[in-house]
Structures are given as C-alpha cells and as structure tokens.
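All remarks here apply to the structure that follows.
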Amino acid sequence: YGNTYLHNNYVEILVNYGLLGFLFYYITFLIILYKAWNGAKRKNPESIIVTDLFIMILISDYGTVSYYDKLIYIILTAGFIHIKQPSSLL
C-alpha cells in the first residue's frame with residue numbers, strides 16, 4: 001500500500017490520530033483564537049492579525065492538509081507568544 005492523502009486536514013487528523021488527537025490539535029487553535037478574538041474586540045492590531053491568520057488557517061484546512069507543514073507550528077508558537085504577553089490580552 002502507498003500513502004493516502006485526504007485533502008482535508010480535519011479528516012486526515014481524525015483518521016490518523018482519532019478523536020482524541022483531533023481534539024488535542026484543534027483545542028490549541030481554539031484557545032489562541034478565543035484569546036486573540038477578545039483582544040481584537042479591543043482594537044489591538046496584533047490580536048486582529050492573529051485572529052485573521054487563525055481563521056484563514058481553519059478555513060483552508062478544509063481543502064488542504066496543513067498538519068505536516070512546519071509553518072503551522074511556527075504560527076501556533078507565535079500565537080501562543082502573543083496570548084501570553086501581559087500587555088496584549090491579560
């Protein structure tokens with residue numbers, strides 16, 4: 001058998017890692033998005049950028065598999081750094 005490619009990040013993670021892996025992966029996106037959204041409502045420009053970026057990733061995951069892309073992990077790290085800054089959201 002060869003490798004299969006599902007062209008959908010949600011299904012790819014569900015098939016490869018199950019429901020628990022799916023929840024662990026996407027809960028990080030939802031935490032960052034929730035906290036950045038709160039900052040974006042207060043007109044914080046960095047929060048607006050992070051919110052837009054994460055919404056675009058979640059939408060594009062429907063048509064592409066981004067789980068294997070290293071850039072996603074750099075973006076996740078940048079999102080965590082942003083939400084952990086005392087001056088930005090807390």
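Any value given below was found using the heavy atoms of this structure, including those in side chains, with hydrogens, waters and symmetry copies removed.
Here CG of Asn44 is found 11.0 Å from CG of Asn38. Values are rounded to the nearest 0.5 Å. With rounding to the nearest 0.5 angstrom, the OG1 atom of Thr51 is 10.5 Å from the NZ atom of Lys41.
Other cluster members for Leu20: Phe24, joined by side-chain heavy-atom distances under 4.5 Å among Ile, Leu, Val, Met, Phe, Trp and Tyr.
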Please walk me through it: do Thr28 and Ile31 pass side chain to side chain contact (heavy atoms under 4.5 Å, CB included)? CA-CA 5 Å; Thr28 57; Ile31 290 169; 5.8 Å; no
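Linking Ile, Leu, Val, Met, Phe, Trp and Tyr residues whenever their side-chain heavy atoms come within less than 4.5 Å leaves Phe22 and Tyr34 in two separate clusters. Hydrophobic cluster membership differs between Leu30 and Tyr10, with clusters built from Ile, Leu, Val, Met, Phe, Trp and Tyr side chains linked at under 4.5 angstrom. Note: the hydrophobic cluster containing Leu76 also contains Ile13 (ILVMFWY, side chain heavy atoms under 4.5 Å, direct or indirect links). Cluster annotation: Ile48 is not connected to Val50 through the hydrophobic network of ILVMFWY side chains, with a link wherever side-chain heavy atoms come within less than 4.5 Å.
Looking at heavy atoms from C-beta onward, Ser47 lies in side-chain contact with His82 at the 4.5 angstrom threshold. Using a 4.5 Å heavy-atom threshold, the side chains of Phe29 and Ile72 count as touching.
Residues that satisfy the side-chain contact (heavy atoms from CB on, under 4.5 Å) test with Ile49, not counting sequence neighbours, are absent from this structure. Judged as a side-chain contact (heavy atoms from CB on, under 4.5 Å), and not counting sequence neighbours, the contacts of Asn16 are Glu12, Tyr68. Applying the side-chain hydrogen bond (donor to acceptor under 3.5 Å, both in side chains) test to Asn8 and every residue at least two apart in sequence or in another chain returns nothing.
In this structure, a donor-acceptor pair under 3.5 Å is absent between the side chains of Thr64 and His7.
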Only distances under 3.5 Å count here; give the side-chain donor-acceptor pairs of residues 53-61 to other protein atoms, sequence neighbours excluded, each with its distance to 0.1 Å.
from: Ser60; atom 1: OG; to: Met56; atom 2: O; distance (Å): 3.2
from: Ser60; atom 1: OG; to: Ile57; atom 2: O; distance (Å): 3.1
from: Asp61; atom 1: OD1; to: Ser66; atom 2: OG; distance (Å): 2.6
from: Asp61; atom 1: OD2; to: Asn9; atom 2: ND2; distance (Å): 3.3
from: Asp61; atom 1: OD2; to: Tyr26; atom 2: OH; distance (Å): 2.9

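Without hydrogens or angle criteria, Tyr67 side chain to Tyr25 main chain gives no donor-acceptor distance under 3.5 Å.
More than 12 heavy atoms of other residues, nucleotides or ligands sit less than 6.0 Å from atom CZ of Phe80.
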